[in-house]
Every structure is written in C-alpha cells, then in structure tokens.
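Notes follow once the structure below has been shown.
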Amino acid sequence: MKAKEVRNLNTEELDARLKELKGELFNLRFQHAINQLENPHRIADVKKDIARVMTILHEKKNA
C-alpha cells in the first residue's frame, strides 16, 4: 500500500486497516515460527505498511 493511498483514507478506515495489518503480521510470524511461511519478505512489507498507517494517523490526529 502506497502512502498516497493511505492519505486518502479517513481515520476510521485507517484504524480498521491498522487492526487488519497487525492481525496479518501475527499470522505471518506464526507461520514463520512453524516453518510454513512461503515469502519471508512479506513480514517486512507488512511492518512498513503498519508504520505508514501509524504515521498518517498521527499526522491526522495532530492536524
């Protein structure tokens, strides 16, 4: 997800997206722990998406 796409979402949608991403990260870590993860790079991608969403949420709440 690009930062430009994230900026177009409102705060409720951002909160929902953040919850979804954190759940996905949990599942990816679980799969990694039991050696069933096909693409380990996906963990880094999800972490970056979480950081993007949290940054934009912070910007919107302080604006």
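Just so it is clear, the model here is predicted, and its values are computed rather than measured.
Residue pairs meeting the salt bridge (Lys or Arg N to Asp or Glu O under 4.0 Å) criterion with at least one member in residues 30-46, sequence neighbours excluded, are Glu24-Arg42. Listed by first and then second residue, the salt bridge (Lys or Arg N to Asp or Glu O under 4.0 Å) pairs that reach into residues 50-63 are Arg7-Glu59, Asp49-Arg52, sequence neighbours excluded.
The residue from Leu14, Val6, Leu9 that alone fulfils the side chain to side chain contact (heavy atoms under 4.5 Å, CB included) condition with Leu57 is Leu14.
Rounding to the nearest 0.5 Å places CE of Met54 at 10.5 Å from CG of Asp15. With rounding to the nearest 0.5 angstrom, the NZ atom of Lys2 is 14.0 Å from the CG atom of Asn8. Note that CG of Leu28 is 10.5 Å distant from NE2 of His32, once rounded to the nearest 0.5 Å. From Glu13, atom CD reaches atom CG of Asn10 across 4.0 Å, with rounding to the nearest 0.5 Å. To the nearest 0.5 Å, the span separating CD1 on Ile43 from NE2 on His41 amounts to 11.0 Å. Residue Asn27 holds its CG atom at 11.0 Å from CG of Leu37, rounded to the nearest 0.5 Å.
With a 4.5 Å cut-off on side-chain heavy atoms, Arg17 and Leu21 count as touching.
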